[in-house]
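Here is the structure we will look at, set down as structure tokens.
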2 protein chains.
Amino acid sequence: MSSPASIGVVHAFPAPNRSLHGTLLDSLRTLINQGELAPGSRVPERALCQKFAVSRTPLREALKVLAAEDLVQLLPNRGARVASLDDAKLGHLFEVIGMLESEGGRLAAARIGAAALAEIKGMHYQMHAHFLRQELPEYFALNQAIHEAILSAAGNPVLMTMYFGLSGRIKRARYMANKMRPDRWQQAMDEHEAILTALCDREGERLAGLLVRHLANKRDIILEAVRVQAVSDRTSIP
Amino acid sequence: MSSPASIGVVHAFPAPNRSLHGTLLDSLRTLINQGELAPGSRVPERALCQKFAVSRTPLREALKVLAAEDLVQLLPNRGARVASLDDAKLGHLFEVIGMLESEGGRLAAARIGAAALAEIKGMHYQMHAHFLRQELPEYFALNQAIHEAILSAAGNPVLMTMYFGLSGRIKRARYMANKMRPDRWQQAMDEHEAILTALCDREGERLAGLLVRHLANKRDIILEAVRVQAVSDRTSIP
DNA sequence: CTTCCGAAGATTGCATTCAATACATCAAGA
DNA sequence: TCTTGATGTATTGAATGCAATCTTCGGAAG
């Protein structure tokens, strides 16, 4: 029930109550996810300190955490670089996310209560409406919220933490897939239909399979978008 | 082990090449895992700085990382506390580890090569020898090595990272289960036998099931040990 | 023209310092 | 005796300082 409910809104806001390094973590993640800090590029410590009006201490604390999450890479005496996200690593990330989603879904099917199920149904129909109106951002937001709600129904906070951590790492790539071919979109919508049905029927095994396939399709879409982006980068930069 | 918390400058690791905060991460993890920093207790910043002969800066960097891993908890303006590991959280951790082990095992069965398989077989028989001689520490070490080798055969570094992160978090509890009832031990050995067979036969589905059940048994053993420890703590401290 | 060297400048890792907050102690009053 | 409040100390979070290392850029040799 503790659904964080912050639906897809990606914006780092100056937090009043939190520690600086916590705030910086959000801000840096956003910078990385939105590509303002390019993969492979150096993290400009001094510039970021000025940008956020903090000293190097909290910034460096945040960088250490990001390094532990593998969002940046620390090179001894040479500072931090934004970790690159190649096809292979994306594939590995999706593979593990698939494990968590499918097995989490299996648990959710067994454990979900009526209230949570109703909430997911509501989000599903709302998402369907956005699909019909071809409103992609709103569709994406609800899509993600539904997946998180299903996982949340598994009742395992550790699972949630892992899932959020991993999806955070592919956000950058997701961000590139800001278009969707109509046939792909229709297929995704159909898959969600089947997912919802399986969940309502509490058929864990079927749900797990559907979730894996759904994610594999999403992976293909994203990998494709990443490749396109990479090509256009290569042709436009030099 | 050694005299607890005595005030001696200790370079916990012969770490010539690494950064201080990286070294401290290892040292602090060890302190937490071995219970020298009790769950729920405050992390004595100043004392640790003296113990490791470093300033607060790298120590605090390490604490931020440990907090991101949920090994410690940061309270605003009140420093860090060692995170407690109750039954519920242990259960959640085991549940997720089970997902990774079983699905990783499924992949491993499909992807493992002859060399890796041979190596695992070798470790298995070595472990069996330690079992026959009732050498628990050596048995444990090989046990863990085998599980890691199986996961490694899945060929997914992200999976490995997640797995190490999660097993790191239950190490503390594992540390308490330093005894094993003979029947339990025999059963674990039998399970390993079956696991090896399934892996050799490349039967992913069966392997996945075996791994889950094996882990569930391990969880029960550890939960039991934790409860015993908790009781003895409660009776001896006040 | 390319390659190698070296000094100047920038950047990094860590130590130290400083303001703000929490904690402990103890005294006064109910 | 117990609660409450004030005051001094310890601890925290963050900024600044400093030595060590890396990067850059110019010039000389091949």
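Chain letters run A, B, ... following the sequence lines, proteins first, then strands; residues in each count from 1.
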Tell me if a side-chain donor or acceptor on A:S41 pairs with a main-chain N or O of A:L37 at a distance below 3.5 Å.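 Such a contact is absent between A:S41 side chain and A:L37 backbone.
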Quick check against the 3.5 Å criterion: does B:N33 have a side-chain atom that pairs as donor or acceptor with the backbone of B:R29? yes
Evaluate whether atom CZ of B:R46 has more than 12 neighbouring non-hydrogen atoms of other residues, nucleotides or ligands under 6.0 angstrom away. no
Please check if atom CD in B:E119 has more than 12 non-hydrogen atoms from other residues, nucleotides or ligands closer than 6.0 Å.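 12 or below, so no.
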Calculate the interatomic distance between [X] atom [atom1] and [N] atom [atom2]; express it in whole Å.
X     : N      : atom1 : atom2 : result
B:R46 : C:dA15 : CZ    : P     : 15 Å
B:E61 : D:dA14 : CD    : C1'   : 13 Å
A:R78 : C:dA10 : CZ    : C1'   : 15 Å
A:L48 : C:dT11 : CG    : P     : 12 Å
B:L24 : C:dA15 : CG    : C1'   : 14 Å
B:L25 : C:dG13 : CG    : C1'   : 15 Å
B:R18 : C:dG13 : CZ    : P     : 14 Å
A:L75 : D:dC22 : CG    : P     : 11 Å

Answer yes or no: is there an ion pair linking A:R169 with A:E69, defined by an N-O contact shorter than 4.0 Å? no
Using a strict 4.0 Å threshold on nitrogen-to-oxygen distance, state whether B:E103 and B:R106 make a salt bridge.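 Here B:E103 pairs with B:R106 in a salt bridge, since their nearest N and O are under 4.0 Å apart.
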Salt bridge (Lys or Arg N to Asp or Glu O under 4.0 Å) contacts touching residues 136-148 of chain B (sequence neighbours left out):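 The answer is none; no pair qualifies.
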Residues of residues 51-60 of chain A with any non-hydrogen atom less than 4.0 angstrom from an atom of DNA chain C: list those, numerically ordered, please.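 A:R56, A:R60, in order of number.
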Between residues 38-45 of chain A and DNA chain C, which residues have a heavy-atom gap below 4.0 Å?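 Contacts with DNA chain C under 4.0 Å: A:R42, A:E45.
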Interatomic distance, CG@B:L25 vs OG@B:S19, rounded to 0.5 Å, equals 8.0 Å
Assign the ring pair B:H192 / B:H214 to parallel, tilted or perpendicular, where the plane angle (0 to 90°) is split at 30° and 60°. perpendicular
